[in-house]
Amino acid sequence: MIFARRALLPSGWADNVRVTCDGGRIASVQADGVAGPDDTRVDVLLPALANLHSHAFQRAMAGRTEVRAKGRESFWTWREIMYRFLDRLTPEQMQAIAAMVYVEMQEAGFASVGEFHYVHHQPGGAAYADRAELSARIMAAAAETGIGLTHLPVLYTYGGAGRMPLAGGQLRFGNDVEGFARLLDAALGHAKGMASDTVVGIAPHSLRATCPEDLTAALPLAGAGPVHIHVAEQPKEVEDISAWLGARPVEWLLANAPVDGRWCPIHATHMTAAETEGLARSGAVAGLCPITEANLGDGPFNGPGWIAAGGTFGVGSDSNVRISMVEELRTLEYSQRLRDLERNVLVPGEGSVGAFLYRSAAVGGAQALGRDAGAIATGLWADLLAVDQGHPALYGLSGNQLLDGLAFAAPDGVVTDLWSAGRHQVQAGRHLARERVVDAYRQAVAGLLAS
Ligand code: NGQ
Ligand code: ZN
């Protein structure tokens, strides 16, 4: 039971809100209530966000890719470093890194994560005895830290547009559709042992890494689960796909795939006005990863066009170079201001940018993860976040101003408590498993450095 001085409900801000949970879901929400003797008292209660796009292992690359080498540095040269990093990574290290990043995510305010999981095999490409060994490691990390997991096993068959063969580090990713079906089956088996808020979907990695026939064959495997795909992140991808398929990636998907509200196109950075409008109208949730998109030099998302067409979106931490929920929101808005030379861009009509960003990301993120969450409302998973309004970054702000303070002024440390499907994992700003998880993480990184 939680008692909040203030809370953001679907109807707006309310005072003295008592929230009860049952089986991980919100059982009742009562405004103008009275605290029970055993209630956890918090300051301001918000629906916690979903982190809709993560490659957990990349956390351990943070700070290792920021040196300019001779020649032009780009997304594509970063990718080479990432492939080399995978020459060594063991299942134990994968699990330790994932647990670390899931602790950090929850401390930052994310109650759930969409793990876009594409490292499946041993270095060199041989399958593990259990084809879903590394999926099981991701699930173990989620179970250990209590984060809500939407696991997205990735179909990655080709090394580049036009059915190029896989090479080097990519060999760890490879499955044809039949191998992918077996992998998914094994992953679903592992998921049976997980908390009941766990979701399994599928993720064709990108149009570059699959082909039209394979995509058509793989999509039914998603069942009712979410479908995530990287799309139009870099101009070169748009050029390569256009040359191969005769249409830009988003244009091709809209014409050839059943894109709807179960879909989460990741990045969708380089779109024409028609693509922007068409994709927004499809109901798909744009999976925006502002910190990574800045770090990798992808470019800014067309926020005004997306919002004008009624598009939904959520945020993800993707490369995990930095884990900060508030910074994802502010980087998203700042990317727009820097491009448009304007202020307060991401809000339809007039109003608070912080409130629009926060509420949109709460609802859109939950939708993208196939997760009943995104609001403080009866029946939804209790994905909840408490922040301390006594913090100087938030002090004296009222109503939606508080969300503006959160998005533009606050450090991550304003988060005091976090519940993932009712699991109270962050208390007094610290994840309960932090110490143990940090120890294992340090060992994993030391092992990687030594190998
Ligand atoms: C990924 N990351 O899957 O980790 C990709 C790089 C690729 C981003 N797209 C690999 N940010 O796209 O080929
Ligand atoms: Zn990604």
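Whatever order the structure lists ligands and atoms in, that order sets their numbers, starting from 1. Side-chain atoms are counted along with the backbone in the values below, which use heavy atoms only and exclude waters and symmetry mates.
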Under 3.5 Å side-chain donor-acceptor pair for N175 and R182 | no

For atom 12 (O) of ligand 1, what's the nearest protein heavy atom and its distance?
-> R208 NH2, 2.9 Å

F75, portion touching ligand 1 at heavy-atom distance under 4.0 Å | side chain

Pair E327 + R322: basic N to acidic O under 4.0 Å | yes

Where ligand 1 meets D318 - atom numbers and elements under 4.0 angstrom, heavy-atom basis = 11 (N)

Which residue owns the protein heavy atom closest to atom 3 (O) of ligand 1, what's the atom, and how far is it?
-> H205 NE2, 2.7 Å

Salt-bridge test for E213 and R163: reply yes if a basic N is under 4.0 Å from a carboxylate O, no otherwise.
-> yes

With heavy atoms of R79 as the reference, note each atom of ligand 1 found under 4.0 Å away.
-> 7 (C), 10 (C), 13 (O)

Give a yes or no on whether a salt bridge exists between R337 and E342, defined as a side-chain N under 4.0 angstrom from a carboxylate O.
-> no

Going by an N to O cut-off under 4.0 Å, is there a salt bridge joining R281 and E277?
-> yes

Strictly under 2.8 Å, is any N, O or S atom of H230 next to the Zn ion (ligand 2)?
-> yes

Record the part of L296 in heavy-atom contact with ligand 1 below 4.0 Å; permitted values are side chain, backbone, both and neither.
-> side chain

For atom 8 (C) of ligand 1, grab the closest protein heavy atom and report residue, atom and distance to one decimal in Å.
-> E233 OE1, 3.4 Å

Residues R371, D197: salt bridge by 4.0 Å N-O rule = yes

The Zn ion (ligand 2) to D318: nearest N/O/S atom name = OD1

Which of V315, L329, D404, L403 passes side-chain contact (heavy atoms from CB on, under 4.5 Å) with L357? Answer is L329

Of the choices W78, Y118, Y156, W76, which has the non-hydrogen atom that lies closest to atom 2 (N) of ligand 1?
-> W78

Would you mind reporting whether V321 and N295 have side-chain heavy atoms less than 4.5 Å apart?
-> yes

Backbone or side chain, does C289 get an N/O/S atom under 2.8 Å to the Zn ion (ligand 2)?
-> no

If we number the atoms of ligand 1 from 1 as shown, the ones under 4.0 Å from a heavy atom of Q58 are 4 (O)

Y102 and its side-chain contact (heavy atoms from CB on, under 4.5 Å) partner, picked from I138, V437, I323 = I138

Which ligand 1 atoms are under 4.0 Å away from a heavy-atom of H267?
-> 9 (N), 11 (N)

